[in-house]
Amino acid sequence: MLKIYNTLTRTKEPFQPRVAGKVGMYVCGMTVYDYCHIGHARVMVVFDTVARYFRYLNYELTYVRNVTDIDDKIIKRAIENNEDYEKLTERFIEAMHEDERALAVLPPDIEPRATQSIEDIISMIKTLVAKDLAYVGTNGDVFYAVNQFKDYGRLSGKNMDDLQAGERVDIDLAKRNPMDFVLWKMAKTNEPAWDSPWGFGRPGWHIECSAMSTCCLGNHFDIHGGGMDLQFPHHENEIAQSEGATGEKFVNLWMHNGFVRIDDEKMSKSLGNFFTVREVLKQYQPEIIRFFILSSHYRSPLNYSDEQLNDAGSALTRLYTALRGTIVTSNELIDQDYKNRFEQAMNDDFNTPVALAVLFDLARDLNKAKSHEPQKIDSLAATLKILASLLGILQADPEAFLKGSGNNNADNKTIEQQILARLDAKTTKDWALADKIRNDLKEQGVILEDSPDGTTSWRRE
RNA sequence: GGCUGCGUAGCAAAAUGGUUAUGCAGUGGCCUGCAAAGCCAUCUACGGCGGUUCGAUUCCGCCCGCAGCCUCCA
């Protein structure tokens with residue numbers, strides 16, 4: 001039985017789909033004005049893994065992840081770059097897709113964009129205004145009247161009075177209540193704008209997600225996800241908008257992933273302490289990044305450091321080494337014990353660290369089978385590869401992974417030649433020469449491994 | 001100040017009211033010409049103080065420390 005932690009109730013709940021056998025999941029995606037950093041990668045990988053697991057459990061999943069392609073930051077960046085804002089967003093959407101593919105993140109089923117959903121957004125705002133949940137402020141912007149929505153603050157555990165007691169900066173006098181938030185923002189000269197009953201402008205950030213999610217998945221759907229920081233105010237506002245407009249319950253289950261940190265501090269654009277995915281990819285194989293992300297539970301903080309990435313690389317190397325030389329053919333050989341243990345881990349709120357631990361136990365068994373019980377090799381290897389596929393890892397050719405890491409110099413052909421030379425030296429028992437060749441390669445980051453059958457395999461460290 | 005959450009061995013990271021997590025690193029052994037890889041064995045734990053309990057790292061309370069949200073942020 002799959003259990004998932006629900007932010008709304010702060011407990012793990014047995015997962016109950018709204019419609020038997022089907023799941024609708026919406027995840028807040030990127031605002032595309034810059035390259036994705038490792039924090040964004042975490043969202044993509046985490047929810048990709050969730051999506052893979054739902055499909056594995058035979059749910060008919062509709063996975064929606066939006067793209068925010070119009071907002072203040074985009075406009076600002078476009079002006080800085082002296083670039084058309086649509087060119088800018090196209091560029092970064094393409095870059096995002098490249099990063100996704102590198103990280104083995106399967107594309108969502110639907111990827112709606114704010115600028116392509118303007119009609120839906122306007123119609124939702126109209127409804128909110130008609131229901132008196134929204135009003136036009138003194139500056140012409142349309143605001144949501146937070147006081148009109150009784151459950152406001154429930155998701156994030158905020159109390160309205162406490163919030164108002166807090167020191168809020170820049171209270172916008174156009175609003176009736178400082179907590180009210182923008183639904184429709186009037187355009188300044190030369191800003192991108194769409195016509196609306198309130199004049200030319202653009203949607204506020206929160207409304208687009210309400211409009212796009214309900215359009216794609218219906219007024220009421222199963223799962224809504226995103227980073228922790230979106231809990232308040234973004235998701236709180238989404239609930240107020242959607243439930244306010246439709247009069248129906250919006251989402252059953254809210255999932256929030258933890259942050260990536262650097263030196264125990266949140267990685268974020270505003271702090272400037274972020275690493276982009278493509279930056280990290282220059283140093284590490286993409287699968288190492290994915291493994292690193294899955295090596296901690298999705299709700300825990302994840303500290304980013306070279307040491308951690310290197311460890312992830314070593315760990316993956318161990319798994320691929322176990323898989324080396326095996327041939328995976330059929331699914332029917334899958335080992336039930338390991339499958340059960342793996343599913344148990346994943347069923348417990350997607351506990352990927354435990355799921356990975358199962359894979360390591362499996363790898364040890366596989367290594368043992370290689371020397372003692374060859375008849376078990378095929379089944380164990382198949383089990384390892386199939387279970388790993390649910391996490392989006394171990395799908396590459398082991399040799400390709402083991403030889404492919406590193407940013408070093410020696411080309412494969414030279415390495416192979418050196419190995420042949422060393423094998424000659426070994427047959428004449430010229431250990432000095434054999435060891436010299438091995439050491440020279442080692443200095444270039446190439447590790448040699450002699451096998452009992454007289455051949456030598458190699459990998460990059 | 002209010003509200004969340006966290007504090008596990010050298011590092012990372014899980015589970016659990018009494019029994020091996022797991023990975024990397026260390027130590028000893030097997031294997032090897034020597035290595036590497038692999039296998040076997042093994043050393044480092046549960047922030048502090050109280051309480052509940054036959055027994056707590058695990059439940060409860062307090063304290064200390066850390067992070068996040070309360071403003072755009074995955």
Side-chain angles (χ1 to χ4, degrees), chain A residues 7 10 27-31 36-44 46-47 65 71-73 76 153 156-159 161-170 178-179 181 205 225-234 236 256-261 264-271 274 291-292 294-297 299-303 305 307-319 321-322 324 344-345 348 351-361 363-364 366-368 370-372 402 426 429-432 434-435 438-439 442 447-452 456-459 461:
Chain A
T7 306
R10 314 246 168 218
V27 172
C28 287
M30 260 49 77
T31 300
C36 294
H37 64 227
I38 298 296
H40 299 121
R42 190 176 193 189
V43 182
M44 298 196 285
V46 161
F47 286 101
R65 194 189 59 209
D71 91 321
D72 292 0
K73 288 181 297 256
K76 183 165 169 256
S156 53
K158 306 280 182 206
N159 179 308
D161 298 331
D162 292 340
L163 286 174
Q164 288 171 38
E167 307 136 5
R168 284 183 57 83
V169 271
D170 290 345
M179 293 307 300
F181 55 91
W205 175 40
M228 289 279 209
D229 47 358
L230 299 184
Q231 238 171 77
F232 188 91
H234 185 57
E236 203 70 72
H256 292 100
N257 66 275
F259 296 125
V260 176
R261 295 191 199 167
D264 284 326
E265 200 172 41
K266 177 183 173 182
M267 176 187 287
S268 75
K269 295 255 165 97
S270 39
L271 289 168
F274 61 90
F291 183 96
F292 162 68
L294 295 174
S295 66
S296 85
H297 185 83
R299 283 189 284 117
S300 304
L302 177 60
N303 219 47
S305 70
E307 194 191 355
Q308 291 258 64
L309 269 291
N310 289 331
D311 277 1
S314 308
L316 253 188
T317 297
R318 178 171 163 78
L319 293 176
T321 302
R324 179 156 61 172
Q344 231 172 358
D348 183 15
N351 196 333
T352 54
V354 172
L356 286 172
V358 174
L359 299 189
F360 282 105
D361 286 347
R364 173 175 296 114
L366 176 54
N367 285 332
K368 280 197 270 191
K370 282 177 179 171
S371 42
H372 300 300
L402 294 169
K426 281 180 68 179
K429 297 203 190 292
D430 185 350
W431 306 127
D435 290 354
R438 187 170 62 196
N439 288 336
K442 171 95 166 77
I447 310 282
L448 299 193
E449 293 168 3
D450 294 336
S451 17
T456 297
S457 51
W458 64 276
R459 63 187 165 88
E461 65 181 351

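These values consider heavy atoms only, across backbone and side chains, with no hydrogens, waters or symmetry-generated copies. In the text below, chain A, chain B and the rest are named by the order of the sequence lines, each starting its count at 1.
- Between A/N351 and the phosphate of B/A15, there is a side-chain N or O to OP1/OP2 separation shorter than 4.0 Å.
- Summarising the geometry, the separation between CZ on A/R438 and P on B/A37 is reported as 11 Å, rounded to the nearest angstrom.
- Between A/K368 and B/C40 there is a side-chain polar atom (N or O) within less than 4.0 angstrom of OP1 or OP2.
- The CE-C1' distance, from A/M228 to B/C70, rounds to 15 Å in whole Å.
- Taking atom CZ of A/F259 as the reference point, atom C1' of B/G68 lies 6 Å away to the nearest angstrom.
- At B/A74, none of the side-chain N or O atoms of A/R42 fall inside 4.0 Å of OP1 or OP2 (strictly under the cut-off).
- In this structure, A/R261 does not reach the B/C66 phosphate: none of its side-chain N or O atoms is under 4.0 Å from OP1 or OP2.
- Across the protein-nucleic acid pair, A/D229 atom CG and B/C3 atom P stand 21 Å apart, rounded to whole Å.
- The phosphate of B/A14 (OP1 or OP2) has a side-chain N or O of A/S300 nearer than 4.0 angstrom.
- At a cut-off of 3.5 angstrom, the base of B/C39 holds no donor-acceptor pair with the side chain of A/R364.
- For the pair A/Q344 CD and B/A14 C1', the computed distance is 14 Å after rounding to whole Å.
- Residue A/K266 places at least one side-chain N or O closer than 4.0 Å to OP1 or OP2 of B/C69.
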